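Heads up, the thing below is written out as structure tokens.
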Amino acid sequence: MDALRTRSGTLEGRASLGDPRIAMKNRRSREWFQTPEYYGFARRAWLRSEGFPADVFDGKPVIGICNSWSELNNCNLHLRDVAAAVKRGVWAAGGVPLEFPTISLGEMFMRPTTMLYRNLMAMDVEESIRANPLDAVVLLCGCDKTTPAQLMGAASADIPAIMVPGGPMLAGEWRGRRLGSGTDGKKLFDQYRTGRITEEEWCEIEGCIARTSGHCAVMGTASTMTSLAEALGMTLPGCANIPAPDSRRLAIAELSGRAVVEMIEAELKPSRIMTREAFENAITVLMALGGSTNAVVHLIAIAGRLGIRLTLDDFDRVSRQTPCIANVQPSGEFLMEDLFNAGGLPAVLHRIRDLLHGDCITVTGKTVGENIGSAQPRNDEVIRRRDRPVYPEGGIAVLSGNLAPNGAVIKQSAASQNLLQHRGRAYVFETRDQMLAQIDSDDLPVDAKTVLVMRNCGPKGAPGFPEWGHIPMPRKLLNEGVTDMVRISDARMSGTSYGTVVLHVAPESAIGGPLALVETGDEILLDVPARKLALLVSAEELDRRTQRFVPPAPHYTRGYGRLFLDHVTQADRGCDFDFLAP
Ligand code: FES
């Protein structure tokens, strides 16, 4: 049992013999395990209580596996299997993998919204990395907020990090119709609300629309953010879009475990990978994918952790020169599984490679251009050619005007084209509760031209900036065959949603933004081609209304909620806490 009693040699001794896996630089874990004082011994002894032999400390790099697995987050339920595959790779490359949990954010369950807790998870990730004897970290994510939270935390901790998303779920199927979780659910719900789908049918749909683990199967926020992690260079090429149950998901997890060990000696930290040019690549890919509006907020927040200031103008500039080519719901027709089979993100990158900074370094140690290599789209219907795009510009447009002095966004690729230039009278809901109480009323005084306005749904007002912006269509209009109308709020919207919906109005109404001043009957102008959102009321009248504005009482006076309200920034600044910038 010598192996239990002796190490195979001192760390320094083996390194001096030229073992390439034991180069001494860049090892934070040494400070924990290789110190001569009592706690060096104690830390080794306590780690051996997990069943490791003595030679586990022979200079092997310690790799944290940051796992957002939780039974309260169905999208990430398979991440323990993914972690096991990562561990195989880490061991094979000469590292020691240690898996640890953080808070997980399950989109379907958390109230009032996961966005309230994105920054909490980011802090959890950052401090878990910083406080522990880790030389590098593998980030396992999936559901919407888990990806940006991990990237924010890893960016601030800034040790070598690689991301392994869990991948999208498989397509649902109901009576011969393929279903995309999220987007199709909302469409079918309108049919159920209006009696065109029976209770029994609705129950059947419930059982098959989300039939596997993995995140939502359309280009919602989860698919968008994991794809953007790949575009940023933080995953292995081709990793983001592999479906969750596909065996290749585990294979690439193992390869990621091998890759992260090499990243230590190469000093491939997030700050070297996520540069301004890498973020510009991510914005370009966001537009080409017709990705979620939530990505605007998240990318600004991640970049902010590295001292990079992204503005809404950056997004609009890129949007005007990037066609939306991914024909995936909600902007298009297909599902994530189809995108993967068509070549996945590498094929999308290939098709827009001249719009990208090809020389950005990635977790492979190679550049974006080198990683694209010979990737080719295999289906021109799913990944459209540039001369036949899903939408001629990027999926997202940035609006401004006296109703949104600091900006607002709209997913123009998922809106009704006849409503992109629209002038109509406002009908105002003071709160979401009021909207829910009235929206199905037969005497709601609205018609197809009305502009629905809902306020007190922003970062402080809701609180937490929930996905309430997709105001349901009034039932009386659905019954008349109207399926879309202009809707405006300071909320976010699920990336799986669609419609002519203006979001993220900043500053928000709860802090006195102009949305707080709109009255029912006011005229509103939406002009997406001109990027304009205007309240057609005189400046003098708006001044009078401003004098009368009384902010709502804060939702929290203690605890994390109080911290959030005191420090969250507005949508155009990414909604991070002001004290987390470098
Ligand atoms: Fe988790 Fe949609 S609910 S990604």
Side-chain angles (χ1 to χ4, degrees), residues 67-80 82 102-118 121 139-151 163-172 178-189 205-230 235 239-246 249 286 289-295 297-298 328-331 335-337 339-340 411 414 464-470 491-498:
N67 200 341
S68 55
W69 169 91
S70 169
E71 285 187 339
L72 289 170
N73 187 349
N74 56 290
C75 303
N76 294 14
L77 193 64
H78 60 306
L79 289 185
R80 278 183 159 172
V82 175
T102 64
I103 182 175
S104 190
L105 310 177
E107 203 61 32
M108 280 297 154
F109 302 139
M110 293 189 88
R111 295 175 67 180
T113 166
T114 50
M115 189 63 184
L116 183 64
Y117 303 107
R118 182 200 65 179
M121 180 170 173
L139 307 164
L140 306 189
C141 62
C143 197
D144 292 16
K145 307 302 180 298
T146 57
T147 304
Q150 288 186 339
L151 289 174
M163 182 160 260
V164 184
M169 62 177 72
L170 297 179
R178 295 180 89 219
L179 297 181
S181 45
T183 305
D184 279 318
K186 292 183 181 91
K187 285 180 179 164
L188 292 167
F189 184 57
I205 293 166
E206 181 183 292
C208 64
I209 196 166
R211 67 189 172 98
T212 71
S213 59
H215 59 69
C216 287
V218 301
M219 191 55 76
T221 304
S223 299
T224 301
M225 288 310 303
T226 51
S227 297
L228 298 191
E230 184 171 329
T235 77
C239 182
N241 300 157
I242 303 170
D246 192 304
R249 167 62 49 205
L286 168 65
L289 292 177
S292 166
T293 45
N294 292 322
V297 179
H298 297 321
V328 180
Q329 294 184 23
S331 297
L335 299 172
M336 290 305 294
E337 208 176 324
L339 182 65
F340 172 65
K411 194 177 216 178
F465 205 17
E467 293 184 335
W468 293 347
H470 189 250
R492 294 180 303 117
M493 174 174 88
S494 164
T496 64
S497 294
Y498 53 91

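As the structure is a prediction and not an experimental result, all values here were calculated from the model. Order of listing sets the numbers, starting from 1, for every ligand and every atom in it.
Lys145 has its side chain within reach of His298: a pair of non-hydrogen atoms, C-beta onward, lies under 4.5 Å apart. The closest side-chain heavy-atom distance from Leu228 to Leu286 is below 4.5 Å. Put simply, the side chain of Ser68 reaches to within 4.5 Å of the side chain of Gln150, judged on heavy atoms. Met163 is listed as a side-chain neighbour of Cys141, based on a closest heavy-atom distance under 4.5 Å.
The distance cut-off of 2.8 Å around atom 1 (Fe) of ligand 1 captures these protein N, O or S atoms, sorted by chain and number: Cys75 SG, Cys143 SG.
If you take CG on Leu179 and CG on Leu188, they are separated by 6.0 Å, rounding to the nearest 0.5 Å. Distance CE/Met115 to CG/Asn294: 7.5 Å, rounded to 0.5 Å.
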